[in-house]
Amino acid sequence: MISLTIDPKKIQEARKNASDIVKSLGWLLEDYSSVTIERTVLRLMGIDGADKDGAPIPNIIVEHLREKKAIERGAAYWIANAMAFKDLSAQEIANQVSKGELDLTQIEVQSPKKVFDILDKLTDKMLLHITKQNQFRKEAFKKFGPRKAPSVYVIVATGNIYDDVAQAKAASREGADIIAVIRTTAQSLLDYVPYGATTVGFGGTYATQENFRIMRKGLDEVGEEIGKYISLTNYASGLCMPEIAAMGAIERLDVMLNDAIYGILFRDINMKRTLLDQYFSRMINAFAGIEIQTGEDNYLTTSDAIEKAYTVTASQLINEQFAILSGIKPEKMGLGHAYEINPEIEGSFVYELSHALLTKTLFPDAPVKYMPPTKFASGNIFKTYAMNTLFNFIGGLTNQGVQLLGMMTEAIHTPHLVDRALAIENADYVFKAVKGLNEEISIKKDGFINKRANKVLDEASGFLKKVSEDGLFTAIENGDFADMPRPENGGKGLEGVFKKSSEYLNPFMDKMKAKLGL
Amino acid sequence: MISLTIDPKKIQEARKNASDIVKSLGWLLEDYSSVTIERTVLRLMGIDGADKDGAPIPNIIVEHLREKKAIERGAAYWIANAMAFKDLSAQEIANQVSKGELDLTQIEVQSPKKVFDILDKLTDKMLLHITKQNQFRKEAFKKFGPRKAPSVYVIVATGNIYDDVAQAKAASREGADIIAVIRTTAQSLLDYVPYGATTVGFGGTYATQENFRIMRKGLDEVGEEIGKYISLTNYASGLCMPEIAAMGAIERLDVMLNDAIYGILFRDINMKRTLLDQYFSRMINAFAGIEIQTGEDNYLTTSDAIEKAYTVTASQLINEQFAILSGIKPEKMGLGHAYEINPEIEGSFVYELSHALLTKTLFPDAPVKYMPPTKFASGNIFKTYAMNTLFNFIGGLTNQGVQLLGMMTEAIHTPHLVDRALAIENADYVFKAVKGLNEEISIKKDGFINKRANKVLDEASGFLKKVSEDGLFTAIENGDFADMPRPENGGKGLEGVFKKSSEYLNPFMDKMKAKLGL
Amino acid sequence: MSIKIDETKIRPYGDSLDDGRMQFSFALPAPCNEKGKEAATQVLKQMGLHDIEICYLNDLGEGFTHFVAYASTSVTVDLTKIQVKIVETPVMNMEETDAFIEENIGREISIVGACIESDAHTVGIDAIMNMKGYNHRYGLERYKHIEAINLGAQVPCEELLQKALEVNADAILVSQIVTQKNIHIKNLTKLIELSEAEGVRDKMLFICGGPRINHELAIELGYDAGFGSGSYATDVASFIAFHYADKIKKGE
Amino acid sequence: MSIKIDETKIRPYGDSLDDGRMQFSFALPAPCNEKGKEAATQVLKQMGLHDIEICYLNDLGEGFTHFVAYASTSVTVDLTKIQVKIVETPVMNMEETDAFIEENIGREISIVGACIESDAHTVGIDAIMNMKGYNHRYGLERYKHIEAINLGAQVPCEELLQKALEVNADAILVSQIVTQKNIHIKNLTKLIELSEAEGVRDKMLFICGGPRINHELAIELGYDAGFGSGSYATDVASFIAFHYADKIKKGE
Ligand code: B12
Ligand code: B12
Ligand SMILES: Cc1ncc(COP(=O)(O)O)c(C=O)c1O
Ligand SMILES: Cc1ncc(COP(=O)(O)O)c(C=O)c1O
């Protein structure tokens, strides 16, 4: 059985350093909210739709409350108050606001009991729906058998949800376990979630609730046919983290990209905004039984995978601590790792084996999201295919949780139907071929692989120590993360962050916390 | 460091069983000769060319002597006698015979001293030439550095020697260490060696001395340019084993396919003929410093690679013993092995690792010729490319001597220029990637890999024991080898075998034996 | 809503309906630079392709360059108009075939097979004929009501035909694996011509097989059936059994 | 004797001169059977190919089939007639360029770069501009006589142009990596049109780069130069330096 020799104390220490970093942010997570958090609340209350110009109703309501300087109390209260007064549904109230027919802050204050009753009912209703979705998923896995490990994860990214569905179904038949619908370019920078079914995206398809629904339906259909539950995933990270998480919970996505700091570093989203949003977003994921996946691969697409290996480890440990804070269980923490080592390097496979094992060793229960070579993929599709073969080799050998299959055309275009099929075939073949190898070999105790893993862990731990001393904000400002200095009050979306008033209400967060024992 | 745990006594015993088989054939090797052996002698005396119908002169001479019932004395004597009488060169004598102008048996018997002098001179001249070729090779390796391991071995097989040369040169630039010119379909069944440069072959190019020369020249040129000695190989096995070996020695081939029993089993050549021919043929290889390669891969193209794994081991042990008999040193014994396991099998890689290591363990000094998947190659070039990637993985991990690169188009056509380049790139990449892995891992003592290797060795040893008891001929007659029953007196070429007379002379064999210490 | 395919105008599919996207890989005797790239582009342009992306070029030495490209075609094919000749008899397993022969033919079927002429690739014909079979389907030798004779490799056409006549064969099975320079066409044609010359073409079924053989080609060459990669004894046995049962039914 | 290539009539090369052999891989909305195979064959036939071998077909589900094929083209290209626009200035290393600027230009060169519009792929432009450089070639920021300003990702054209005018830039460097639906063409065109509208097109060099960009395309789009995959700071720096030295020489 292959395993590393690492002093458990060292691991504990690294974890403690990460925990110190995360714990110091309690003030932010407790006292602040953001526009997207409020929009999430509205969505969870059952409000959806867009006006004739395409502006999503939840955005209109939140803007309305901001204008009226009433958002600090939380959107939930205002809607419930109006519902109590008008005896209309949340959606009906919202529609009136969106048409400019209603000013929520002008409505007479209703009795707290009435308002709380309404909120309670709405909250319970939605949480029940989400719980049922979770139940459905669990039963489906019971009926068809659990997801295999490594799970075969492939992306669809045509820009057209209908082409996406056809391709996702084809992939499912070919053996995919998880389908990711890639979002259109930089959707993470939109401070709203587009509405409806869409057919025009760049390098991906809009993440909309309708698109989620269409894909979920397609996968359920093909799953029934082939006798397997096909997992669906999309991206939460960005300016709408909790909203998309909520949509995912409602539409029964099973896995969601959700990185605590990706938005800050790689999308220049304000740090307070992201940290706040991820907190609620992950809580929704946790409640819905959705597995999160983090984006450590992003570190390696810009920096060297050997030199900066420790940044992956450090980020994994931070993501883990944030996940714990939101109630996510270890077996739902799909921490990221990527095979981005320069293929020209001697022993690239040996390095990678060390790095991949380190992740496994640190997070034995996590369904690690293992990413393929992308940076060194070239227009030589055959070479890229060979690199993906070794990637699948390590995935199989180290028994990774989720194998995000590499595409031979990575350097050329978003995956074609054929590319995906060949990728799945490759993974199937390699996983089968190396089955059992794991049990047959062991790693030399004092060899390079162990030394290397220890070194990376030491570097990560030292780095985390330093960050915990400087404070996360300062460290990010200094460019300690991914060489990307981001000012505390810069970046996108800071204007959407606000301090809660003492009367602030987020009934969903409250109930979820209770259920998650937070 | 990966290695197997096998009781050395077991290995000794297996080797002893093989040695018993081979030793019992002394009567054949000592008392008989064949038409191709005699033609070889003629070629070594400097006789070459073809008549106007394309019949090679060496064949004409030997036929002439057979007609005259004079062959039992060996061809050398008759030519030398004629030379002494006529004071002409061997070639001149031969030309006269070929034109029907001379009957060798009608020439007056010359004084033994005169005849022996002539023979001595001719023999020394040719052996000097061959020694010089060997010397040239050694110096080239000294100058440019030794052949790397695993050596990258690729085939050219266009049918046209000029296309072959262009492609061989291209391959050399891309990193090939050894170029094999594949022979045209079933040349092994021709009881003569075609003459001259050729441009029309099926699935390969005629093995002719001129083609050898053209290719050697091309490789020397490109080698000078890129600063590397490029090795050249072709096939000896067949009805002309020693002749082709001699041509290879003369034209400085570096490696030759030379299997002691391939012809019997896979080409239905008579067993006495093949065993006899391989003996002299290998002696020439040994004298010339040519590395031989055996054809164990052939067992697995027709039978199952797991079930019949032991046949490979058994054949390797027999080939080794025959090689020893001909004076071939361990480091020139390129015994064959092949990755022909069904990719649909779970743990196919694990099985193969065990088999590949077994070969390495039994023959630690042999530059094993490691053959790629061919049988399970399909028209899916991508899948085949992935299979070749794992093949290269094992080659690199177990540090094989010669990696005969798999082609992604194996199931389609003989290699295109592009196929070969991609194959070399794959090997380069994989060898580099897994470099050092070998030192990092060890094989579980009581695991499947060790058990499997021991089992295969046991089966091989038991099989060899049985063959040594029954006798090789009987065993082959019974179909014990590759399920191919071949009658002792059936197959092609038996008519070309004859018992030597007491006056028989083969000055080349005698001198080589002396020099090789046999 | 979902993607709708018009069967009368199908076109290669990359990732969007009718994008016509295809992958190409080839070598050119051209330099590995922008000029070579342009030459590669021109080759593809002349093939009617557009949106040509030469995504990789690599110097192969000796003046050659390897190109990998993606490009779009605007050709379409009318799927509804395509007619192909395929073996249409249903496929039965061994037991079914044996029972079928017993019931509908009532005598043993005799079959002679070989790899003809220069071809020595016996694995394919063995897969069909040998006792052991292939991929969990037994070969013809195992069928109770089939007498199968496998002559093996490199059998001259004359010899095969003679043997077939000798045993009064119901069917001849020919395997051809090597296809370089269309050698398989030459060899298969030779056998048929020989059988015609000897007036025995209609005395038995002529069936061929191999990785580059299909039923259509077989018919074209004058055979009764052809079987490609992935065929089994079951396919051939069923075809032969149905043929003879049919003949009996028709009173021929 | 050896193989002789006629440069006026080159053709794809499989393993024999002028065999025209090429490899194809594509999907069709067609069934995975002989009919689909025939459809694939017809696609290739319409592209003028012959000796078509469909060597692999695989059911992709949802009515699609994957085909791998080899076939021969008879198109030829006249290599001697191919003209491509390439950057023709010699390439100097960093030290040489710095010395060259000192000697021939005598002032600092100012360069502003960015990934424009929706594109966030900065690795390419960073490779050219950042101190650290790429593949053992330092980036422009390290050049003694170059003032390089890298605006990073997703910079609107307006912003880039404004910055360039502000610092009186000698050259603008634009990177475009995403090419889906020809978004790069749109973005690059937008920048040039904007510069023309503002009458500043000739005030500085406009240079673009990215994996699907080449000099020819750049010129076509109205740029001064274009650089594809595998370019380095040395290429761009040399080009700019020579351009301005030339101008000075010509007294412009
Ligand atoms: C095994 C093998 C050999 C073995 C053959 C051993 C043997 N006893 O058969 C050995 C090592 C001897 C060999 C030698 C050569 N081979 Co070879 N060989 C192969 C290999 C690797 C596998 C073929 C195989 O066994 N397939 C498995 C069987 C089960 O599949 P199959 O033959 O297609 O049969 C199935 C169907 O086609 C069908 N079928 C076949 N025949 C029939 C007949 C009937 C009646 C029916 C109904 C069905 C049927 O049913 C079968 C089961 O589904 C192929 C590459 C490949 N992967 O395909 C090369 C290959 C066929 N060989 C090739 C060549 C060139 C040669 C040589 C000429 C090389 C040389 N110059 O020496 C020699 C000469 C052989 C000769 N004289 O014919 C080329 C042919 C190129 C071409 N397209 O023309 C190939 C493609 C390899 C390559 N890329 O170069 N070979
Ligand atoms: C790294 C990467 C990312 C990183 C980028 C991080 C960063 N800060 O740059 C992240 C993860 C953020 C990312 C995101 C996305 N990516 Co991306 N990404 C890649 C990847 C793997 C490598 C690109 C790279 O860094 N190459 C290395 C550099 C050094 O090479 P280069 O860019 O070609 O630059 C060289 C030359 O072109 C030239 N050059 C480039 N620019 C310039 C400029 C000038 C002036 C000059 C002189 C020269 C020059 O010089 C450079 C050095 O030689 C490629 C796949 C690949 N292997 O190519 C996909 C790829 C480019 N991405 C792709 C896509 C679709 C996306 C997304 C849109 C996906 C999505 N829906 O979310 C997003 C959105 C990004 C956006 N808004 O643009 C596609 C593009 C498809 C297409 N052809 O349109 C690719 C091809 C992957 C794929 N197959 O789907 N990506
Ligand atoms: C964690 C995470 N979230 C989101 C995304 C992508 O989202 P966008 O491109 O819309 O920012 C990525 C991309 O790799 C990611 O890693
Ligand atoms: C040992 C050996 N000799 C010779 C050959 C081929 O020669 P031929 O096809 O001419 O018999 C092979 C083919 O694989 C072989 O393994």
Side-chain angles (χ1 to χ4, degrees), chain C residues 3 5-7 10-14 17-18 20-31 33-49 51 53 55-56 60 62-64 67-68 73 75-79 82-86 179 182 211-212 214-216 228-229, chain D residues 3 5-7 10-14 17-18 20-31 33-49 51 53 55-56 60 62-64 67-68 73 75-79 82-86 179 182 211-212 214-216 228-229:
Chain C
I3 57 170
I5 291 152
D6 176 355
E7 293 224 324
I10 66 161
R11 180 179 286 170
Y13 178 101
L17 198 58
D18 287 331
R21 214 74 189 144
M22 302 173 76
Q23 177 264 322
F24 307 80
S25 161
F26 56 97
L28 276 181
N33 57 23
E34 289 296 325
K35 192 167 165 181
K37 218 166 149 179
E38 177 59 24
T41 306
Q42 289 191 12
V43 167
L44 296 174
K45 240 182 222 156
Q46 290 184 64
M47 290 163 61
L49 296 155
D51 281 317
E53 263 185 75
C55 16
Y56 176 69
L60 299 178
E62 304 302 303
F64 290 95
F67 299 92
V68 175
T73 177
V75 310
T76 62
V77 170
D78 185 346
L79 207 50
I82 289 181
Q83 298 282 356
V84 282
K85 294 203 182 89
I86 49 169
T179 59
N182 281 328
R212 294 287 164 273
N214 59 28
H215 189 57
E216 182 134 13
S229 303
Chain D
I3 58 170
I5 291 152
D6 176 356
E7 292 224 325
I10 67 160
R11 179 179 287 171
Y13 179 102
L17 198 59
D18 287 331
R21 213 78 189 143
M22 303 173 75
Q23 176 264 321
F24 307 81
S25 161
F26 55 97
L28 276 181
N33 58 23
E34 289 296 324
K35 192 167 164 181
K37 218 165 149 180
E38 177 59 23
T41 306
Q42 288 191 13
V43 167
L44 297 174
K45 242 183 221 155
Q46 289 184 64
M47 290 163 62
L49 295 155
D51 280 318
E53 262 186 75
C55 13
Y56 177 67
L60 300 178
E62 304 302 302
F64 290 94
F67 300 92
V68 175
T73 179
V75 310
T76 62
V77 170
D78 185 346
L79 207 51
I82 289 182
Q83 298 284 352
V84 281
K85 295 203 182 85
I86 48 169
T179 58
N182 281 326
R212 292 290 163 272
N214 59 27
H215 190 57
E216 182 135 12
S229 305

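So you know, we letter chains A, B, ... as the sequences are listed, proteins then strands, and number each from 1.
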Side chain, backbone, both or neither: which part of [X] has a non-hydrogen atom closer than 4.5 Å to chain C?
X: N182(D); result: side chain
X: F64(D); result: side chain
X: S25(D); result: both
X: L79(D); result: both
X: I5(D); result: side chain
X: Q83(D); result: neither
X: S229(D); result: neither

Practice problem: Give, as side chain, backbone, both or neither, the part of D51(C) having an atom under 4.5 angstrom from any heavy atom of chain D. | Solution: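 Side chain of D51(C) only, per the 4.5 Å heavy-atom cut-off to chain D.
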Self-check item: Contacting moiety of L44(C), where chain D heavy atoms sit under 4.5 Å
Solution: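 Looking at L44(C), just its side chain touches chain D.
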Quiz prompt | Evaluation steps, side-chain contact (heavy atoms from CB on, under 4.5 Å), between K35(C) and I86(D) | solution = CA-CA 9 Å; K35(C) 192 167 165 181; I86(D) 48 169; over 6 Å; no
Practice problem: Show your reasoning for whether side-chain contact (heavy atoms from CB on, under 4.5 Å) applies to Q42(D) and V75(C). | Solution: CA-CA 9 Å; Q42(D) 288 191 13; V75(C) 310; over 6 Å; no
Exercise. On the 0 to 90° scale, with breaks at 30° and 60°, tag the F24(D)-F24(C) ring pair as parallel, tilted or perpendicular.
Key: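 Plane angle over 60°, so perpendicular.
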Quiz item: Are any side-chain N or O atoms of E34(D) and backbone N or O atoms of K85(C), one a donor and one an acceptor, separated by less than 3.5 Å?
Solution: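 No; judged by distance alone, with no hydrogens or angles, the pair does not exist.
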Self-check item: Partners meeting salt bridge (charged side-chain N to carboxylate O under 4.0 Å, His left out) with E38(D) (sequence neighbours left out)
Solution: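 So E38(D) forms no salt bridge (charged side-chain N to carboxylate O under 4.0 Å, His left out) with any residue.
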Practice problem: Could you pull out the closest heavy-atom pair between P12(C) and L28(D), with the gap in Å? | Solution: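 Where P12(C) meets L28(D) most closely, the heavy atoms are N-CD2, 3.4 Å.
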Self-check item: Atom of F26(C), atom of M22(D) and distance for their closest heavy-atom approach
Solution: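 So the minimum-distance heavy-atom pair works out to CD2-CE, 3.4 Å.
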